[in-house]
Protein chains: 2
Amino acid sequence: MTANLNVKTDVYPTRQSDRPEWIERADPVVYDHKLKQDVVGTEQLAFYEENGYLFFDAFFKPEEVAALRSELRRVLEESRGSTRPEVIREPGGEEVRSVFAVHRDNEVFRELSLHPRLQAVVCQLLGGSVYVHQSRINFKPGFTGKEFYWHSDFETWHAEDGMPRMRALSVSIALEDNTPYNGSLMVVPGSHRIFVSCVGRTPDDHYKNSLRKQEYGVPDQDSLTKLVEQGGLTMPVGKAGSMLLFDCNLMHGSASNITPHPRSNVFCVFNSVENRLEKPFSAAKPRPEFIASRA
Amino acid sequence: MTANLNVKTDVYPTRQSDRPEWIERADPVVYDHKLKQDVVGTEQLAFYEENGYLFFDAFFKPEEVAALRSELRRVLEESRGSTRPEVIREPGGEEVRSVFAVHRDNEVFRELSLHPRLQAVVCQLLGGSVYVHQSRINFKPGFTGKEFYWHSDFETWHAEDGMPRMRALSVSIALEDNTPYNGSLMVVPGSHRIFVSCVGRTPDDHYKNSLRKQEYGVPDQDSLTKLVEQGGLTMPVGKAGSMLLFDCNLMHGSASNITPHPRSNVFCVFNSVENRLEKPFSAAKPRPEFIASRA
């Protein structure tokens, strides 16, 4: 294996040039069109292919939501005083922003990642077996929750974690009501079909700051404007128990939350077992296991 | 006139104690119930009295909007290099956040403040003649527009400008489309009936920082939570040319704007001529004329 192996096979080069570039997606969006489950039908598969996301209102039962919420509160309490690297603080503050690797460290969230109806949809879309690439709770507290600027997750996973192709997706499960007011996720429908390469080089140990506030792997304003002109903007919101599922390359972001209502969600990223991580494509060394599993 | 005159007659004390306090509004909301115009009817007056705001879709004609937008762009251009105190920058940046006193310094916006249908509604609600207490353009640029945290305008106007009673209102005219995505104004319906006194003392020349980011006159989180529990939250949005009119004591705020779409609005505050400014109620000296007219 030479140092340049991944550069040679890199179909999505990023952070390697001074100019942003648009690259057509070279991978499928839906990997298996033959229905293997009864949670989503062909219309929903077509919607996902076209728009890059699917939204499910009340995907989880009220009793499931209650159990997850109570565990989330416990994790938040226990994380407040913690110095574990898995616990990320708000930029410019000490409030807990995220806790990573909850599928690994917590029994309740491990079970959630194996939830049969959830797994059925994910395996349908990604065509076969999957594993958890990353999981986290995002707390976005009331009054002070900060924004997440626009980004494609895949851009970072490719550059910093060595994820070779677009065969992964994120699941965001609302554990508080998500409203148009409390900093809910916005997505740019259709943006998953374009890879926007970003400018700049990845600094060493970039993740230590980027999880608080990202400064590399940030798409340029012209590209964002053009993507929004083409696909518009939407904000799929629902009550606690709803679920948003979105392609790894979908452009998304969220504004600040000044309302009294926290917007806590569990994120779980599934990657195809056919798409295991290699060496990073644009970073000196891979990020730690709790951010990007090499399992 | 003694130094304590305004303290003796102060029905809305604020920034004078270490604890926030709730004070029932001692003033009417609608000052004249007898219809004197045909722009709003009795139902709208009742809605305003109950909720503290009124929203008008397409209040201005497309040609009026076009003229205002082109003037707004001119003012923005001309303000970029300006060092006039009327031009306020974004916190932590050099982008123009607001330009004050546009009704005084600009012919187009002066005419806007005298717009007959607008004046008719304002005079109806405030019961007789009014003057412009403050005007400004808020630019809230795309991608980087920062939030405005929750506040009652009256709290500041009372504390720092010496506005004695609640007999004023704000008009916010959308000159770009306001959407649920680009940091539009949120209001707490019904909150105008409670005066939430704030803790802390006003520092000297507070306005020089507070117009970028407010740190005094900020309501406490418990009060905000209670107000939202009682009245909920709403975000009256509409296309360019729509108008939001809200009571001086209505709790309002807005999140950041990460979308490509700027959200530029003209604000104009009307005060009753019966309610002219006195000495500040909780500050050493009044703010300058371009922020609070003593005309």
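Below, chain A is the first sequence line, B the second, and so on; all start at residue 1.
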* To do: Go through A:L233 and B:T259 one step at a time and tell me if the side-chain contact (heavy atoms from CB on, under 4.5 Å) criterion holds.
  => CA-CA 9 Å; A:L233 277 176; B:T259 78; 3.7 Å; yes
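Scanning all heavy atoms of the two residues, the minimum distance from A:P180 to B:M235 falls at O-CE, 4.1 Å. When all heavy atoms of A:A255 and B:A255 are compared, the closest pair comes out as CB-CB, 4.3 Å. Scanning all heavy atoms of the two residues, the minimum distance from B:I258 to A:S254 falls at CD1-N, 3.5 Å.
A:F148 contributes atom CZ, which lies 12.0 Å from atom OG of B:S256 (distance to the nearest 0.5 angstrom). Within the model, atoms CH2 of B:W150 and CZ of A:F143 stand 9.0 Å from one another, a figure rounded to the nearest 0.5 Å.
Residue contact with chain B, scored on non-hydrogen atoms closer than 4.5 Å, is absent for A:S184. When heavy atoms are compared at a cutoff of 4.5 Å, B:M186 approaches chain A solely by way of its side chain, counted from C-beta outward.
With chain A as the partner, the residue from B:L227, B:N257, B:L224 showing the most heavy-atom pairs under 4.5 Å is B:L224.
Between B:V228 and A:H261 there is a side-chain heavy-atom pair separated by less than 4.5 Å.
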